[in-house]
Amino acid sequence: MSPRKNRRADSGPRPSGGGSAWSQRTEEGADGDWNVRMVPGSNAAKPYRCPGCDQLIPPGVGHVVAWPADGRGGADDRRHWHRPCWQARERRSPRTLRSRNAPRY
């Protein structure tokens, strides 16, 4: 006789695509409403550039994906952020691009 296989009870709808469940929510901020999805490190397969700090998010590192919640945004409007950069986005001042030797005042 073969051993009994443990099966999980179907507790509700699963996300399409066969992947693991995503933690998604809508956040309100001074810069508008955003759909926010947490990506665990096990599902982060590609490197991305964080718009908050302009540093690389390497594969295997958990991060946040955010896009406008107004319904007009598509896949091109999604941005991948480090979690601390996303949480600090409202405390940051606008980035000013300066030439290499320009004064900072």
Side-chain angles (χ1 to χ4, degrees):
M1 186 187 291
S2 64
R4 180 177 169 191
K5 294 183 179 181
N6 292 329
R7 295 185 183 172
R8 294 183 185 175
D10 191 17
S11 61
R14 292 187 176 182
S16 61
S20 64
W22 297 99
S23 170
Q24 183 174 325
R25 64 183 182 276
T26 302
E27 290 186 13
E28 297 177 8
D31 54 350
D33 294 344
W34 295 88
N35 290 323
V36 178
R37 180 179 289 168
M38 300 294 183
V39 177
S42 60
N43 289 349
K46 296 182 352 187
Y48 295 99
R49 179 78 51 185
C50 175
C53 65
D54 202 33
Q55 298 295 314
L56 193 66
I57 303 171
V61 174
H63 59 278
V64 174
V65 179
W67 65 97
D70 58 8
R72 294 181 298 195
D76 294 339
D77 295 320
R78 291 184 299 189
R79 298 293 176 255
H80 296 255
W81 296 70
H82 291 108
R83 287 181 182 137
C85 293
W86 174 253
Q87 293 168 350
R89 74 188 187 285
E90 293 182 358
R91 295 190 306 260
R92 294 182 187 270
S93 61
R95 284 193 305 180
T96 304
L97 298 176
R98 299 182 179 98
S99 64
R100 176 177 252 181
N101 295 321
R104 294 188 176 260
Y105 49 86

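All of these numbers come straight from a predicted model, not from anything done at the bench.
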Walk me through whether Val36 and Gln24 qualify under side chain to side chain contact (heavy atoms under 4.5 Å, CB included). CA-CA 6 Å; Val36 178; Gln24 183 174 325; over 6 Å; no
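Closest approach of Trp34 to Arg89, counting heavy atoms only: CD1-NH2, 4.1 Å. For the residue pair Ile57 and His63, the shortest heavy atom distance occurs at CG2-ND1, 4.0 Å. The two residues Ala44 and Val61 come nearest to each other via the heavy atoms CB-O, 3.5 Å. Counting all heavy atoms, side chain and backbone alike, Cys85 lies closest to Gly52 at CB-CA, 4.3 Å. Across Pro51 and Arg79, no two heavy atoms sit closer than the pair CG-CB, 4.1 Å.
At most 12 heavy atoms of other shown residues, nucleotides or ligands fall within 6.0 angstrom of atom CD in Glu28.
The side-chain tip of Arg83 does not point at the ring of Trp86 from less than 6.0 angstrom away and within 45° of straight on.
In this structure, Pro58 and Pro47 have side chains that are not in contact, with every pair of non-hydrogen atoms separated by 4.5 Å or more. In this structure the side chain of Val64 reaches within 4.5 angstrom of the side chain of Met38, judged on heavy atoms.
In this structure, Arg49 contributes its side chain and Asp54 its backbone to a donor-acceptor pair below 3.5 Å.
In this structure, His80 and Tyr48 have parallel ring planes: the angle between them is below the 30° cut-off, well short of the 60° mark.
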